[in-house]
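Below you'll find the structure I mean.
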There are 2 protein chains.
Amino acid sequence: MRQRILDESARLFSQDGIASTSMRQIAKECGIQAGSLYYHFKSKDEIIAEVLELGISFVADAVKAELEKLDGSAGFRELFHAAVLAHLNAFFLHRNYTATHIREFKQAPASTRIKNIKTRDAYEQLWADLFAKGVSEGVLATDIDLRFARLLLLSSMNWALEWFKPKGQRSFDELTVTIVRIFLDGCTARAASTQEDSPAAGSKQVVHSN
Amino acid sequence: MRQRILDESARLFSQDGIASTSMRQIAKECGIQAGSLYYHFKSKDEIIAEVLELGISFVADAVKAELEKLDGSAGFRELFHAAVLAHLNAFFLHRNYTATHIREFKQAPASTRIKNIKTRDAYEQLWADLFAKGVSEGVLATDIDLRFARLLLLSSMNWALEWFKPKGQRSFDELTVTIVRIFLDGCTARAASTQEDSPAAGSKQVVHSN
DNA sequence: CCTACCGATCGGTAGG
DNA sequence: CCTACCGATCGGTAGG
């Protein structure tokens, strides 16, 4: 029942917002009485805190696992592609949790945010490390503010939940290809482009700009 | 007083969320009694609707005016740079309104959203037209899903309010240069790059990838 | 623009 | 996990 409460809460939070979701609504969706929620959780804030934490850790864990699976042999482009795909997949798989985290974090009670900050920072650091690898491999430009670049990338991936309607695994691959292409190579047309919309792994993508 | 009510509402909405902001808080910030708000507005929803509408129209009007000022002589790169800068400037100048629009739109009462949709669609169309111009000039690639590209660009600009701390006009110019650079040319290092972090106009930026 | 008030709903608790 | 309830606060209104 505890898991059920979290799932229904995440769904309602992402749909109506934390403040507009009452304990009575959560209870109703779970098929129990409002007072019974306090047998499983001390307070509404405790539910909020747990949903927020899962919203970031689902994604962070998935991306971390994917990178560790590839590390060693893989180059920056392959790792980058895999990280974007893993982020988007986990993001939409646990949509109710991640949407709550993205939309409601700033307005959540301060006490519930504290527990999240460590997880958030660690996840940002994972991307910072990846970008650093891109620089040391000579793939990423050094005359760009890579902190800006990192935040712009994460912003655009996270905000995708407002407009992206996934239709099967293929659509994730396509979105990933587009994001990787734009972020690394830009939208500008090139003479004699040999760009290919290749499969998920994407690591064989032709680098046509140097 | 009407304007004052809107300003304080936008500030509280963007800070705490619409649902967590009570009419009594708004009244207190305006230095009047709660009941007096209903002399100026029929309901809370009417305040919400007006704040949301201003949140999008401030930006749309600014970008539209900037493009019309330049149109005729200007090429795509110059227009694109000017549009991004105008968007960011207006976005942060009216931060309380735009942040409310971005963060709260989906959770606002359905009746308050209807009035916004036309303004939103028109603004999206403005960018779609600009991108079409980029294609017809041969600047933008045709093998990228430009709808994705457009939404990713707007996502990353809008989400900048979560992390970008403007420090004077110069910081807007820098962010604009970074966004334009990444979006058009990507983050990849190029052999013999001659990239310049040039001033606001930016239209003389060297295209070094073809 | 204020005073005084309405019914509804909120998060949470005692006792079982 | 339920019943019955608490004080606080909500959006909104009547009458001035």
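Chain naming here is simple, since letters A, B, ... match the order of the sequence lines and numbering starts at 1 in each.
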Measure from CZ on F41(B) to P on dG11(D) and round the result to the nearest Å.
15 Å
Between dG12(C) atom P and Y39(A) atom OH, what is the distance in whole Å?
19 Å
To the nearest angstrom, the NZ-P distance between K42(B) and dG11(D) comes to 18 Å
Quick one: are the ring centres of F183(A) and F80(A) less than 6.0 Å apart?
yes
Less than 4.0 angstrom between a side-chain N/O of Y38(B) and OP1 or OP2 of dG12(D), yes or no?
yes
Would you indicate which nucleotide in dC10(C), dC1(D), dG12(D) comes nearest to any side-chain atom of Q25(A)?
dC10(C)
So that I can tick it off, tell me whether R11(A) and E29(A) are bridged by a salt bridge, with the cut-off set at under 4.0 angstrom between side-chain N and carboxylate O.
yes
Can we say E104(B) and R113(B) salt-bridge, meaning some charged N sits less than 4.0 Å from an Asp/Glu carboxylate O?
no
Consecutive-pair stems (at least three Watson-Crick or G-U pairs, under 3.5 Å) that include DNA chain C:
C:1-16 with D:1-16
May I ask you to test the L6(A)-F41(A) pair for a side-chain heavy-atom distance under 4.5 Å?
yes
Let's see if you can work this out: which of dC1(D), dG12(D), dG12(C) has an atom nearest to the side-chain heavy atoms of K44(B)?
dG12(D)
Mind checking the CG-CD1 spacing from L175(B) to I179(B)? Nearest 0.5 Å is all I need.
4.0 Å
Contact check, side chains of C30(B) and M1(B), non-hydrogen atoms, under 4.5 Å:
yes
When we call it a touch if two heavy atoms are under 4.0 Å apart, what does T21(A) touch: a base, just sugar-phosphate, or nothing?
sugar-phosphate
When the distance from CG of D16(B) to P of dC10(D) is rounded to whole Å, what number comes out?
12 Å
When you check the gap from the basic side-chain N to the acidic O, do R147(A) and E124(A) get nearer than 4.0 Å?
no
Restricting both atoms to N or O, compile the protein contacts to nucleotides 2-4 of chain D shorter than 3.5 Å, with distance only.
unit_1: dC2(D); atom_1: OP2; unit_2: Q33(A); atom_2: N; d: 2.7
unit_1: dC2(D); atom_1: OP2; unit_2: S36(A); atom_2: OG; d: 2.4

Expressed in angstrom and rounded to an integer, what is the separation of H40(B) atom NE2 from dG12(D) atom P?
16 Å
Step through it carefully: locate the ring centre of F164(B), locate the ring centre of F92(B), and say whether they are under 6.0 Å apart.
yes
If I take atom NZ from residue K167(A) and atom CZ from residue F172(A), how far apart are they, to the nearest 0.5 angstrom?
11.0 Å
Electrostatic pair R2(A):E50(A) at N-O distance under 4.0 angstrom:
yes
Check against side-chain contact (heavy atoms from CB on, under 4.5 Å), R103(A) and F13(A):
CA-CA 9 Å; R103(A) 294 201 195 117; F13(A) 288 164; over 6 Å; no
Nucleotide N/O to protein N/O under 3.5 Å, stretch nucleotides 6-9 of chain D:
none

